[in-house]
Amino acid sequence: MSSIHSRKRVFALADVNSMYASCEEVFRPDIQGKPVVVLSNNDGCVIAQNKLAKETLDIYMARPWFEIKEVAEKLGTVVFSSNYELYANMSNRFTAVLSRYSPRMEKYSIDEVFLEMTGIKANYTDYGQEIKRDVRDSTGLPICVGFGHSKTLAKLANHCAKKQPQWNGVCDFTSRSETEVDAILADLPVSKVWGVGRRLEAKLNEVGVFTALRLKKADPKRIRDKFGVLLERTARELSGEVWIEMEDELPEAKQVMSSRSFGVRASTLEDLSQAVAFHAGIAAERMRSKGLHANGVYVFIMNSPHDQAPYYANSLSIGFPAPTNSTPKITKTALWILKKIFRPGIYYQKCGVMMLETVSSKGLQNDMFGFSNDDPKSQALMTVMDQINKKYSKGTLKTAAEGEVQSWKMQRKYLSPNYTGNWNDLLRVK
């Protein structure tokens, strides 16, 4: 029987289970059935783990790897450095499969996608199972799917689909009566509701709101007066009202940033210049991909506050005469800033470049002195750089200022091949 019996809108949330670990398992069938963990930048902390690792190791997220390395290895844990290029490619494949099932989608994160299901006449439990099978067959990724009359309910349904084995990865709130849904909400801590973090949970607990059902039943006006309009909307969404709409396009970014800790400390101006030029290039490319220009650039450098040496951090920003997204212009300005804030004798741990006050590339106003005038050759060069780096891999073409030997780059000792984004890393069948 169809699960559509009313004019209420219907949303679905498809979410990849343990995204980073699952991406690694797709190309390594030999590690399936083993605990798998993925580490953060410079192999510092555990940021992802598969279900078996959660059960076996019982560790909290962001725990330093060195604290559990010995125990984890004795238990046969397989460890990977973060392979962001691979995860991004797999995320795009996951999203492409979902596009077959809804005309309207919102990519909420690398592993979560909302789908508008209103008007699709189907048994949503069966439809969710079909989506699951298709994603698994097409990408190898395991997912769960939740359905609800609001995005907040769809996200809670997805949570239930993960936690209740009898539902086989699909939970449809729309086919259940309000009494049945309320019984489920009564067993869910309020912290499981979308947008309720630890601090907000503590404040809600102080006024007697401990479960998702209690938040749903709360007086919206009192919620708004005490906690603000955003939580009021969340509470109303728990009742099936639509207050959080689908985002067809991501909001225009006001700032674009590239920053990362060094794998090996940098102490010379040459090493820092390479790193700043690298981040300037990344930030400029991101702006062009989003159709943005920046009105200024901000550069920062710092050592670690945990060093025995005195802490040193400095930053400086400068505005452009007119908005730009040209890598050479941005890099030149960022390196000028670096020379102003650099202090010798410091072992730097991190640097970054941020593009300030970004605006749409459409309808830009030119300046009087030619800074913003488009140079056909420069424009063509940026286009070619972006096309080649997209076709092959990031960094295939780069500015000379980034250098060739980059000893400061992020340490990824356990990095897996980029199976989907590098010809040299393609799987070989023997």
Side-chain angles (χ1 to χ4, degrees), residues 84 88 107 247-260 266 269-302 313-343 348 350-403 406 408:
Y84 300 115
K107 190 169 184 178
E247 296 283 350
D248 294 312
E249 295 182 3
L250 293 175
E252 185 177 292
K254 297 300 181 185
Q255 297 174 335
V256 175
M257 184 174 186
S258 178
S259 171
R260 196 160 287 168
L269 180 60
E270 180 183 359
D271 284 344
L272 273 179
S273 295
Q274 290 182 358
V276 167
F278 170 81
H279 289 302
I282 293 293
E285 187 278 329
R286 287 177 181 170
M287 284 200 301
R288 291 193 295 271
S289 69
K290 299 175 183 294
L292 299 173
H293 279 57
N295 279 288
V297 61
Y298 166 90
V299 176
F300 75 86
I301 55 176
M302 60 183 289
N314 205 348
S315 62
L316 185 65
S317 62
I318 188 170
F320 298 127
T324 184
N325 61 13
S326 167
T327 296
K329 289 180 180 179
I330 293 169
T331 301
K332 183 177 180 180
T333 306
L335 292 177
W336 182 87
I337 292 175
L338 174 63
K339 291 178 181 178
K340 294 291 184 182
I341 62 177
F342 174 77
R343 178 188 293 178
Y348 293 94
K350 189 175 184 179
C351 76
V353 175
M354 180 186 295
M355 310 313 302
L356 303 176
E357 298 181 24
T358 58
V359 293
S360 174
S361 300
K362 300 176 181 178
L364 289 175
Q365 183 175 354
N366 291 340
D367 67 297
M368 295 177 60
F369 304 104
F371 183 88
S372 61
N373 290 346
D374 290 330
D375 178 355
K377 290 185 177 180
S378 176
Q379 212 172 16
L381 175 61
M382 295 299 98
T383 300
V384 170
M385 278 185 65
D386 293 342
Q387 289 175 343
I388 291 177
N389 288 334
K390 182 177 181 180
K391 183 176 181 179
Y392 296 99
S393 63
K394 286 186 177 181
T396 302
L397 284 184
K398 59 187 179 183
T399 60
E402 295 182 32
Q406 300 172 329
W408 47 269

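Because the structure is predicted, anything quoted here is derived from the model rather than measured.
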Practice item. Give the minimum heavy-atom separation between Y348 and R343, together with the two atoms involved. Key: OH-O, 2.7 Å
**Study point:** Short side-chain to backbone donor-acceptor contact, N295 and E357, under 3.5 Å
**Key:** yes
Review point. L292 versus V359: any side-chain heavy-atom pair under 4.5 Å?
Key: no
Point to revise | Any donor-acceptor N/O pair, R260 side chain to K350 backbone, under 3.5 Å | key: no
Point to revise | Nearest-0.5 Å distance, CZ of residue R286 to OG of residue S258 | key: 4.5 Å
Exercise for review: Indicate whether the side chain of R288 and that of T327 have a donor and an acceptor atom separated by less than 3.5 Å.
Suggested key: yes
Point to revise | Inter-residue atom distance N325.CG - S289.OG, 0.5 Å rounding | key: 10.0 Å
Review point. Looking only at heavy atoms, which two atoms of A277 and T331 are closest? And how far apart?
Key: CB-CG2, 3.9 Å
Revision key, fill the gap. Exactly one candidate in L269, V276, I330 meets side-chain contact (heavy atoms from CB on, under 4.5 Å) with L335; the answer is V276
Review point. Out of curiosity, S315 OG to M354 CE, how far, rounded to the nearest 0.5 Å?
Key: 9.5 Å
Practice item. Start with the C-alpha gap between W336 and I318, add the side-chain angles, then the distance that decides, and say whether side-chain contact (heavy atoms from CB on, under 4.5 Å) holds. Key: CA-CA 10 Å; W336 182 87; I318 188 170; 3.8 Å; yes
Point to revise | Smallest separation among heavy atoms of T324 and H293, with atom names | key: CA-CD2, 3.5 Å
Exercise for review: Supply the atom-to-atom distance H279 NE2 to Q274 CD, rounded to the nearest 0.5 angstrom.
Suggested key: 11.5 Å
**Study point:** Minimum heavy-atom distance between I341 and V299, given as atom pair plus value
**Key:** CD1-O, 3.9 Å
Check your understanding: Is the backbone of C351 close enough, under 3.5 Å, to the side chain of S259 for a donor and an acceptor to pair up by distance?
Key -> yes
**Study point:** CD on E285 to NZ on K290, rounded to 0.5 Å
**Key:** 9.5 Å
Point to revise | Rounded distance (nearest 0.5 Å) linking atom OH of Y298 with atom CE of M257 | key: 7.0 Å
Check your understanding: Is there side-chain contact between M382 and P328, with at least one heavy-atom pair below 4.5 Å?
Key -> yes
Exercise for review: For a side-chain contact (heavy atoms from CB on, under 4.5 Å) with I337, tell me which candidate from N314, V297, I301 qualifies.
Suggested key: V297
